[in-house]
Amino acid sequence: MVVRIIAVVQLLLVVNCYGEAKNQFDGYKVLRVKVQSQKEVEVMRRLEETGKYDFWNFPFDVMTTPDNADEIQHMLDDNEIEYHIRIDDVQKLIDNQFNVRNGEIKSLSVDPDDLYYTVYHRYAEIDQWVKDTAARYPDLAKEFIIGRSYEKRVMRALKIGAESNVTKPAMWINSGIHAREWITPATNIWMTNKMLHTYTEDSRVTRLLDMFDLYILPVFNVDGYDYTWDVYRLWRKTRSVNMGVGPECYGVDPNRNWPHEFGGGGTSTNPCSYSYRGEYPLSEVEVRQVVEWIRQKSQTQEFKFFMDIHSAAQMWMNPWGYTYDFPKDYDDHNIIGKAFVDALASVHNTTYQYGTITELLYVASGSSVDWAYGSAGIKYSHATELRDTGEYGFLLPEDQILPTAQETYEGMLAAYDIVMNSQ
Ligand SMILES: [Zn+2]
């Protein structure tokens with residue numbers, strides 16, 4: 001009976017998503033907390049573990065509801081932890097994110113071929129984009145299906161590369177593993193289109209698509225992504241049901257669910273936490289199917305590169321995530337990281353950092369990068385965190401999609417170049 005009631009409440013929530021839920025983030029704030037000791041980090045960790053606050057970034061941007069704002073500020077004051085209010089009203093940023101679609105930015109000068117890419121798209125549109133792109137470039141692109149999500153959505157992906165008589169090495173590029181990071185699918189589909197569009201014109205792209213097959217999954221967490229459009233803009237996790245908790249505690253952090261050093265530091269056992277790792281490795285069907293697909297494909301093609309695109313922190317990240325130890329390829333990882341950030345900065349002067357996940361952020365076990373590097377044996381396994389560094393966070397306005405995609409593209413081509421030269 002309880003289950004039935006929850007299901008009905010959920011349904012009502014979806015039906016009313018553009019009604020009651022419209023101003024659901026009125027007065028929500030994001031605090032930037034400046035921790036200065038391990039003790040202060042521990043205080044913040046305990047706060048995160050309660051599941052009451054949404055940690056946008058570590059260390060530490062924390063979103064609070066208006067009701068909990070006093071409590072967290074008192075707690076920080078009592079512990080003499082420095083902070084300031086980074087975002088005063090989250091709803092304002094949500095209203096502002098469609099600034100191109102709503103016509104507020106009229107003078108954005110774009111190539112007509114880019115128009116589609118100047119706005120954010122729902123999953124159904126991106127799914128259609130994969131099919132349309134495969135149809136438009138039959139010699140270079142093929143669509144394929146990774147599997148179905150928990151809620152039975154199709155996880156559609158694209159293989160791009162020139163036909164070849166010999167088996168080519170492969171690369172994997174996914175975005176949208178965290179549902180609310182909308183800039184990541186937007187950037188990934190722009191970059192993919194750009195490569196297909198400039199094959200034969202740009203010798204870097206010709207060489208890449210002649211040498212490699214690229215497997216591109218634009219939206220990894222398809223259920224979560226739809227949920228961010230329909231119900232709750234700032235959802236991060238998958239949408240699987242956890243036993244014994246309410247709908248606000250559904251889902252698993254799909255970037256803590258991979259089977260390499262699962263369950264270590266930087267993961268939570270609380271289903272209400274945004275870094276909930278799940279009951280066991282690969283509990284999430286989306287992660288399980290990607291892992292199985294790459295394992296299967298690796299029997300015939302050697303993967304040389306793995307990329308998991310996130311936002312928002314402006315970083316290029318190397319393994320490991322589960323430990324502060326450096327991997328054996330530490331120096332080569334820094335070379336590719338530097339090439340990416342230098343090329344990226346050359347476009348719009350945007351500054352990125354590079355390093356291991358633990359050097360840059362925090363310990364995070366069971367991540368995609370650690371699995372790709374440690375279990376799948378892919379030397380160049382990385383993640384990126386796209387724009388920005390906190391002004392808008394996950395709510396980056398649409399007029400930043402093209403600049404973000406353009407600069408990321410140059411960075412990625414520089415990184416691909418290093419992988420190609422290491423062949
Ligand atoms: Zn992320």
Side-chain angles (χ1 to χ4, degrees), residues 57 97 100 108 110-111 113-114 116-121 126 129 133 158 160 171-178 180-199 202 204-205 208-209 212 214-220 305-318 333 336-355 357 360 368-369 380-420:
N57 224 330
Q97 66 190 327
V100 172
L108 200 70
V110 289
D111 187 314
D113 206 55
D114 273 348
Y116 177 89
Y117 303 94
T118 57
V119 297
Y120 291 118
H121 293 281
I126 296 176
W129 173 90
T133 303
L158 203 60
I160 69 169
M171 299 187 175
W172 170 270
I173 302 110
N174 78 260
S175 41
I177 193 169
H178 287 141
R180 59 191 175 184
E181 298 168 5
W182 284 10
I183 188 61
T184 70
T187 296
N188 202 4
I189 64 172
W190 184 92
M191 295 194 299
T192 303
N193 180 62
K194 183 80 175 171
M195 285 187 277
L196 293 169
H197 196 60
T198 57
Y199 176 71
D202 184 336
R204 301 172 300 176
V205 177
L208 177 68
L209 297 189
F212 282 85
L214 275 59
Y215 295 98
I216 295 157
L217 177 62
V219 183
F220 191 117
F305 183 79
F306 177 99
M307 168 54 66
D308 181 11
I309 307 176
H310 292 253
S311 73
Q314 294 179 194
M315 288 170 181
W316 169 280
M317 296 187 293
N318 302 323
H333 288 168
I336 194 170
K338 185 175 187 327
F340 173 86
V341 305
D342 287 350
L344 184 146
S346 72
V347 182
H348 297 295
N349 277 319
T350 309
T351 310
Y352 270 51
Q353 296 172 275
Y354 64 92
I357 294 167
L360 291 171
S368 60
V369 169
Y380 289 107
S381 291
H382 307 279
T384 49
E385 294 268 356
L386 306 185
R387 291 189 190 190
D388 58 10
T389 55
E391 187 182 359
Y392 296 102
F394 309 116
L395 305 171
L396 201 69
E398 286 176 330
D399 63 329
Q400 290 202 38
I401 296 175
L402 282 189
T404 303
Q406 289 158 351
E407 67 193 11
T408 309
Y409 185 66
E410 285 305 312
M412 290 294 287
L413 285 182
Y416 293 146
D417 206 45
I418 287 188
V419 179
M420 284 189 280

- Query: Within the side chain of Gln314, is there an N or O that forms a donor-acceptor pair under 3.5 Å with the backbone of Thr351?
  - Reply: yes

- CD1 of Ile309 to CD1 of Ile183, rounded to nearest 0.5 Å, is 10.5 Å

- Report yes if some heavy atom in the side chain of Ile336 is under 4.5 Å from a heavy atom in the side chain of Trp316; otherwise report no. yes

- Item | Interatomic spacing from CE in Met412 to CD1 in Ile173 - rounded to 0.5 Å | 5.5 Å

- Quick note, salt bridge (Lys or Arg N to Asp or Glu O under 4.0 Å) partners involving residues 185-198, not counting sequence neighbours, are none

- Got Gln406 and Trp190 here, is their nearest side-chain heavy-atom distance under 4.5 Å? yes

- Item | Ile160 CD1 to Leu208 CG distance, which is reported to the nearest 0.5 Å | 7.0 Å

- Picking from Thr187, Asn188, Thr384, what satisfies side-chain hydrogen bond (donor to acceptor under 3.5 Å, both in side chains) with Ser175? Asn188

- Message: Determine whether a donor-acceptor pair (N or O, by modelled atom type, separation under 3.5 Å) exists between the side chain of Ser311 and the backbone of Phe394.
- Response: no

- Query: In Å and rounded to the nearest 0.5 Å, what is the CG to CE distance from Leu360 to Met315?
  - Reply: 5.0 Å

- Task: Applying side-chain contact (heavy atoms from CB on, under 4.5 Å), run through His348 and Glu410 and close with a yes or a no.
- Result: CA-CA 11 Å; His348 297 295; Glu410 285 305 312; over 6 Å; no

- Start with the C-alpha gap between Leu396 and Trp182, add the side-chain angles, then the distance that decides, and say whether side-chain contact (heavy atoms from CB on, under 4.5 Å) holds. CA-CA 8 Å; Leu396 201 69; Trp182 284 10; over 6 Å; no

- Message: Within this structure, what is the CD1-CG distance for the pair Ile401 and Leu386, rounded to the nearest 0.5 Å?
- Response: 11.5 Å

- Sequence neighbours left out, what passes side-chain contact (heavy atoms from CB on, under 4.5 Å) with His197? Give chain and number order. Asp113, Arg136, Tyr137

- Query: Donor-acceptor pair, His121 side chain versus Pro185 backbone, under 3.5 Å?
  - Reply: no

- Task: Evaluate the side-chain proximity of Met191 to Thr408: yes if any heavy-atom separation is below 4.5 Å, no if none is.
- Result: yes

- Can you sort out the partners of Asn57 under side-chain contact (heavy atoms from CB on, under 4.5 Å), two or more places apart, ordered by chain and number? Asp61, Ala313, Leu361

Check: residues 339-346 side-chain donor-acceptor pairs under 3.5 Å, at least two apart:
{"residue": "Asp342", "atom": "OD2", "partner": "Lys338", "partner atom": "NZ", "Å": "2.6"}
{"residue": "Ser346", "atom": "OG", "partner": "Ala343", "partner atom": "O", "Å": "2.6"}

- Task: Taking the side chain as every heavy atom from C-beta outward, state whether Gln97 and Tyr392 have any atom pair closer than 4.5 Å.
- Result: no

- Query: In chain order, what residues pass the side chain to side chain donor-acceptor pair (under 3.5 Å) check against Trp129, with sequence neighbours excluded?
  - Reply: Tyr117, Thr133

- Query: For the ring-ring contact (aromatic ring centres under 6.0 Å, His included) test, which of Tyr215, Tyr380, Trp172, Tyr416 pairs with Phe305?
  - Reply: Tyr416

- Task: Carefully, step by step, assess Met195 and Tyr409 under the rule side-chain contact (heavy atoms from CB on, under 4.5 Å).
- Result: CA-CA 9 Å; Met195 285 187 277; Tyr409 185 66; 3.6 Å; yes

- Apply the test side-chain contact (heavy atoms from CB on, under 4.5 Å) to residues Met307 and Met171: give CA-CA distance (whole Å), side-chain angles for both, the deciding distance (0.1 Å), then the verdict. CA-CA 8 Å; Met307 168 54 66; Met171 299 187 175; over 6 Å; no

- Partners meeting side-chain contact (heavy atoms from CB on, under 4.5 Å) with Ile357 (sequence neighbours left out): Met317, Ser367, Val369

- Message: Would you say that Asp308 contacts Asn174 through its side chain, given a criterion of any heavy-atom pair below 4.5 Å between the two side chains?
- Response: yes

